[in-house]
Novice: 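I have a structure here, written as structure tokens, and I will follow up with some questions on it.
Please read these numbers as outputs of a predicted model, since none were measured by experiment. First the proteins, then the strands, lettered A, B, ... as listed; each starts at 1.
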Number of protein chains: 2
Amino acid sequence: MIDTKDKILETAERLIGEQGYAATSLRQIIAEAGVNLAAVHYHFGSKEELLDELVQRKAEKVNAIRMSRLQALEHAGGKPGVRVILDAFFEPALEMASSHPQFVRLMGRVISEGMMPEIAERHFYPTVQRFIRALQQALPGIPPAEVAMRGHFMLGALAHTMSSSPKTKKVAARDTELRRRMKMLVTFLAAGFSAPASKAEEA
Amino acid sequence: MIDTKDKILETAERLIGEQGYAATSLRQIIAEAGVNLAAVHYHFGSKEELLDELVQRKAEKVNAIRMSRLQALEHAGGKPGVRVILDAFFEPALEMASSHPQFVRLMGRVISEGMMPEIAERHFYPTVQRFIRALQQALPGIPPAEVAMRGHFMLGALAHTMSSSPKTKKVAARDTELRRRMKMLVTFLAAGFSAPASKAEEA
DNA sequence: GTATGATTCAAACGAGTGATTGAATCATCC
DNA sequence: GGATGATTCAATCACTCGTTTGAATCATAC
């Protein structure tokens, strides 16, 4: 037994990423991890707390890097543009995805499977909000509410791209493909964010 | 009893839209619908077939309208632009969402909750593929594979926006808000699709 | 080497799951 | 109005769920 706790976390990350939280049972997790059922509750307390710790462990690293990159941009003088802000948001995730390919899927699940909103809120929203604010400052011609809504679109596109991320290939090939997709995504999003404000409704 | 089958469909649409497929039990559905548990299996056969019929009923109407609008565009002479193609895709969904507010959420779930891929594939992909092809023709300067990937981003943004669509408000207010969001979404997506192709990777 | 606390284990808990059954009720036609 | 087929009903099936329990095993310190 190397480390029961880690084996549970690893397996849960993979299975929940592939199937979703509600559709993945603890028994499936412990069977594939080769540990005892009670170990889950001993180490985590409950299924939900397992997910929480899972998300927290991975998200906090990515978010810390994102924040420091954003701060570096803002302290470099001269308002940062949309593209570099998006890069500061996506590249850390790409790094993590490269070493932990399952991570990316899980994050997509947490965002799109709206059934654990507190978890997504706790571990994602503070950072996302900071980036939205940066984007609002980079786009003074567009109403802040519309920029925020575009941030919503960004999360959706990201989550969907992530949760259907390339499955089992050779590591190098998966990595290249992931990088290619992220690059396309950032290009797509940068143009979307920079679009002129949509006109108000007419009757 | 007006119609047991319709009551099941209505309630299932709402609950699955709100909670997801795996997280919604048949017993919750029949309790809120006020019908007997066996009625579900009598009328549909199984939980999964219920979902299938649910999606099929709603999707086929929307898709039929989408297709006829797209064909009208293409037969009007002169290659249709990105914006009008997107409008032909989104406006029918908006109409449906206006009369059946739960529908929009359910669709988001089906797309993002990847656990019933055959269902999403059966009822969504044919139409989506047709629109992707139209967009590829409207964007000759961009590699078709990249346009297809952008279609993926579009679905993600749409699904996420839909599944977190405005909850219980007055009907008129919800309608206006939905229309506003869709307008922003199309503006955002049109700019994204029209972005120059992302450059190839460098080492 | 024995005591102590951390960890693992098999077993069971009660509640909830989708599905099935066969009798009861309903509608419709002859 | 009795027969026939469609629909509804309460009851139960076998199973899975997350969680709990208490004894067994392990590690570490004395």
Side-chain angles (χ1 to χ4, degrees), chain A residues 1-57 106 109-110 113-120 122-123, chain B residues 1-57 102 106 109-110 113-120 122:
Chain A
M1 299 301 117
I2 325 172
D3 194 355
T4 301
K5 198 170 173 178
D6 284 347
K7 283 202 292 189
I8 295 173
L9 283 168
E10 260 180 52
T11 313
E13 179 180 4
R14 178 169 54 82
L15 291 178
I16 295 179
E18 288 170 359
Q19 308 171 342
Y21 174 75
T24 303
S25 71
L26 290 182
R27 284 176 167 82
Q28 187 186 4
I29 294 172
I30 62 108
E32 299 206 14
V35 304
N36 189 275
L37 177 57
V40 175
H41 298 90
Y42 177 78
H43 286 288
F44 302 98
S46 70
K47 186 187 180 187
E48 189 166 341
E49 286 170 283
L50 164 61
L51 177 69
D52 192 277
E53 180 157 344
L54 194 49
V55 175
Q56 185 251 317
R57 282 195 172 206
L106 178 68
R109 288 284 178 193
V110 172
E113 200 171 345
M115 62 193 44
M116 43 276 188
E118 356 52 76
I119 291 184
R122 193 166 29 244
H123 301 301
Chain B
M1 302 298 117
I2 324 173
D3 195 356
T4 301
K5 198 171 176 181
D6 283 347
K7 282 201 293 189
I8 295 174
L9 283 168
E10 257 180 54
T11 313
E13 179 181 4
R14 178 168 54 83
L15 291 178
I16 296 178
E18 287 170 0
Q19 308 172 340
Y21 174 75
T24 303
S25 72
L26 291 181
R27 283 176 165 79
Q28 188 186 3
I29 294 172
I30 61 109
E32 299 206 12
V35 304
N36 190 274
L37 175 57
V40 175
H41 298 91
Y42 176 79
H43 286 289
F44 301 99
S46 69
K47 187 187 177 185
E48 189 167 339
E49 287 171 282
L50 163 61
L51 177 68
D52 192 277
E53 180 156 344
L54 193 49
V55 175
Q56 185 251 318
R57 282 194 172 208
Q102 320 295 354
L106 178 68
R109 287 285 177 192
V110 172
E113 200 171 347
M115 62 194 41
M116 43 274 188
E118 359 48 79
I119 291 183
R122 191 167 30 243

Novice: Expressed in angstrom and rounded to an integer, what is the separation of A:Tyr42 atom OH from D:dT25 atom C1'?
Specialist: 13 Å
Novice: As a test of reading the structure: which of D:dG18, C:dT8, C:dT17 is closest to the side chain of A:His43, going by heavy atoms?
Specialist: C:dT8
Novice: Rounded to the Å, how far apart are A:Ile8 CD1 and D:dG18 P?
Specialist: 13 Å
Novice: Quick test of your reading of the model: are B:Glu10 and B:Arg14 salt-bridged, counting only N-O distances below 4.0 Å?
Specialist: no
Novice: Let me know the distance between NZ of A:Lys7 and P of C:dT7, rounded to the nearest Å.
Specialist: 15 Å
Novice: What's the spacing between B:Leu50 CG and B:Thr24 OG1 if we round to 0.5 Å?
Specialist: 10.5 Å
Novice: Between which residue ranges does DNA chain C form stems of three or more consecutive Watson-Crick or G-U wobble pairs, both distances under 3.5 Å?
Specialist: C:1-30 with D:1-30
Novice: Check whether any side-chain nitrogen or oxygen of A:Thr4 sits under 4.0 Å from OP1 or OP2 of C:dT8, and answer yes or no.
Specialist: yes
Novice: Hey, does the Lys NZ or Arg CZ of B:Lys5 hover above the aromatic six-ring of B:Phe44, less than 6.0 Å from the centre and inside 45° of the axis?
Specialist: yes
Novice: Roughly how far, to the nearest 0.5 Å, is the CG atom of A:Leu26 from the NE2 atom of A:His41?
Specialist: 5.5 Å
Novice: Testing the 3.5 Å rule here: is there a donor-acceptor pair between the side chains of A:Ser25 and A:Gln28?
Specialist: no
Novice: Working to the nearest 0.5 Å, report the span between CD of A:Glu32 and NZ of A:Lys7.
Specialist: 13.0 Å
Novice: Quickly work out the A:Ile29 CD1 to D:dT19 C1' distance and round it to whole Å.
Specialist: 14 Å
Novice: Starting at atom CG of A:Asp3, determine the distance to atom C1' of D:dA27, rounded to an integer number of angstrom.
Specialist: 14 Å
Novice: Summarise protein proximity over nucleotides 19-24 of chain C in one line of letters, 5' to 3': B for base, S for sugar-phosphate only, - for none, counting protein heavy atoms closer than 4.0 Å.
Specialist: BBB---
Novice: For D:dC17, take OP1 and OP2 only and decide whether either is under 4.0 Å from a side-chain N or O of A:Ser25.
Specialist: yes
Novice: Quick check: do B:Leu106 and B:Leu54 have side-chain heavy atoms less than 4.5 Å from each other?
Specialist: yes
Novice: Heavy-atom distance under 4.5 Å between the side chains of A:Lys47 and A:Ile29, does that happen here?
Specialist: no
Novice: Roughly how many Å is it from CZ in B:Phe44 to P in C:dG18, rounded to a whole number?
Specialist: 15 Å
Novice: With the side chain counted from C-beta on, respond yes when A:Val55 and A:Arg122 share a heavy-atom pair under 4.5 Å apart, and no when they do not.
Specialist: no
Novice: Using atom CD of B:Gln19 as one end and atom P of C:dG16 as the other, report the distance to the nearest whole Å.
Specialist: 15 Å
Novice: Relative to the 5' end of DNA chain D, which residue comes earlier, B:Lys5 or A:Thr24, by the nucleotide with the nearest heavy atom?
Specialist: B:Lys5
